[in-house]
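Data block below; observations after.
Lettering follows sequence order; numbering is per chain, from 1.
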Protein chains: 2
Amino acid sequence: MRDTRAALIDAAIATLRESGFAAASARRIAAEADCNQALVFYHFGSVSDLLMAALEEVSGRRMAAYRELLDRTGTLGELIDGARTVFEADLDSGNVTVLAEMISGSHSVPGLGERVSVCLAPWRSFAETAVRDVLASSPFGSLAPAGEIAHGVVAGLLGLEMLAGLDGDRSSALALFDRARALADVLDRIRPLTGLLTLAPPARPAPPAPAARPGALCRPTW
Amino acid sequence: MRDTRAALIDAAIATLRESGFAAASARRIAAEADCNQALVFYHFGSVSDLLMAALEEVSGRRMAAYRELLDRTGTLGELIDGARTVFEADLDSGNVTVLAEMISGSHSVPGLGERVSVCLAPWRSFAETAVRDVLASSPFGSLAPAGEIAHGVVAGLLGLEMLAGLDGDRSSALALFDRARALADVLDRIRPLTGLLTLAPPARPAPPAPAARPGALCRPTW
DNA sequence: GTCTATAGCTGGATAGAC
DNA sequence: GTCTATCCAGCTATAGAC
């Protein structure tokens, strides 16, 4: 029955979100889904496979929702507003908690890391598209390739959500979004200065530089 | 014996780093430390308490190493170089992996979240000090309070390290640091334009704004 | 497709010898 | 402080009735 599969996936998502990877056992998930423990293995083969299915489901839900947002981002400021909306919605729904649990949980199950990594690709390419759109219509396109910035955006959202999930305080993160919004408004206003902002592209700029005590910065003792 | 305590803490760190929270059982840690499983409970009372001791140990090691770095950060560029050094050293040592495992693992153990949160405070205040030093000697001090930026820095490092740990690719993150370094060099050069960059401080700037379809951005359907 | 029952294992935690 | 031995709970996974 298709209902049972779906119920198990929903229960897996709920369990990952509320109790974490370490507590996401077949028994606990089945209880959450009000069905028998053996059905986990009948429908998915193993607990890990069920958890991966849950992650893919979450990934799909996010993609659908994000694509709506993508249509609306024109300026840098709008992109940041979009990111803020995404951030809050993800916190409410627990989607990123599920991702974070799977990322760190994948250290405990051989081979799971690669599968999670594959599942993350659409999120990155979504962010990349959004960033590229904004860069194209702004004078800051030369700052960095969209792929690099997108990696930073995904990492930043992940980190912010983990911290917010830890102590329940989302205001620190929201304040950052508001600052970024204000900064973006300024940047959108100083386009004429573009020439100043063309940077030499890749490659490490210089050796560790201000070597007062040479080598001291290179290999710390921890 | 003090040696056993230390050995167990080291083994707990190694286990968290290599096999994750879900696999960090008393038996496995004791095996890693070449000692008896019952000693975990004799010395620490419970597995969670041992894991917390491990996190505190890691936290302490990082503080010591970071404080050295702090003495050397003067300009924005130097701060970013410092962050880059920290990032690589943490990846090599696995320190942030331990933190990430404990953050997500804390969802599985009642009360653990608060303890991890407390343990995170020094990291944030370290970042805040570093940021404040740089802001004070730059024209961008008015962009945002150091505490807000520090929160973003900690979140960014956490997210970047989780992604790097997932697929073993640290080059995406390093490229970002190099971009940031180049940007910082430019910013250090355009101090005269300071006036342009004074922003209205707190408070959300405006309602969701470009409401082509009003309300569509506010409550996505996932 | 769903259930019960169970094998076989690993987990946290304790008691008690040394 | 360290070890052995042990209790019992919970886990994955499978076999087999329905």
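The separation between A:Leu39 atom CG and C:dG1 atom C1' is 7 Å, rounded to whole Å. Per the geometry, CZ belonging to A:Phe41 stands 15 Å off C1' belonging to C:dC3, to the nearest Å. Taking atom CG of residue B:Leu112 and atom P of nucleotide C:dG12, one finds them 14 Å apart after rounding to whole Å. The distance between atom OH of A:Tyr42 and atom C1' of C:dT2, rounded to the nearest whole Å, is 9 Å.
Shown here for A:Gly159 and B:Leu158, the closest heavy-atom pair between the two residues is O-CD2, 4.2 Å. Residue A:Met102 comes nearest to A:Val116 through the heavy atom pair O-CG2, 4.0 Å, listed as atom of the first residue, atom of the second, then distance. Scanning all heavy atoms of the two residues, the minimum distance from A:Glu101 to A:Gly20 falls at OE1-CA, 3.4 Å.
Taking CG of B:Leu176 as the reference point, atom CZ of B:Arg84 lies at 11.0 Å (rounded to 0.5 Å).
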>> Determine whether B:Phe21 and B:Leu112 satisfy the following criterion, side chain to side chain contact (heavy atoms under 4.5 Å, CB included), listing intermediate values before the conclusion.
In response: CA-CA 12 Å; B:Phe21 183 92; B:Leu112 196 55; 4.1 Å; yes

>> Run B:Phe126 and B:Val154 through side chain to side chain contact (heavy atoms under 4.5 Å, CB included) and show every step you take.
In response: CA-CA 10 Å; B:Phe126 170 86; B:Val154 171; over 6 Å; no

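The stretch residues 27-37 of chain B touches DNA chain C through B:Arg27, B:Gln37, each having a heavy atom within less than 4.0 Å of the strand. Only A:Ser46, A:Val47, listed by number, bring a heavy atom of residues 44-56 of chain A to less than 4.0 angstrom from any atom of DNA chain D.
Looking at A:Glu18 and B:His107, their side chains never bring a donor and an acceptor atom within 3.5 Å of each other.
Under the 4.0 Å criterion applied to side-chain N and carboxylate O atoms, A:Asp10 and A:Arg5 are not assigned as salt-bridge partners. Taking a cutoff of 4.0 Å between a charged side-chain nitrogen and a carboxylate oxygen, B:Glu128 and B:Arg124 do not qualify as a salt bridge. With respect to the salt-bridge test (charged N to carboxylate O, under 4.0 angstrom), the residues A:Glu57 and A:Arg61 qualify.
The aromatic rings of A:Phe87 and A:Phe177 lie tilted to each other, with the angle between the two planes from 30° to 60°.
A:Ser25 has no side-chain polar atom (N or O) that falls below the 4.0 Å cut-off from OP1 or OP2 of D:dG10. Dashed line: the shortest gap from a side-chain N or O of A:Thr4 to OP1 or OP2 of C:dT2 is under 4.0 Å.
Residue-level contact check: A:Ala26 touches the backbone only, with heavy atoms under 4.0 Å from sugar-phosphate atoms and none from bases.
For the helix from C:dG1-D:dC18 to C:dC18-D:dG1, the rotation axes defined at the first and last 5 base pairs enclose an angle of 0°, given to the nearest 10°.
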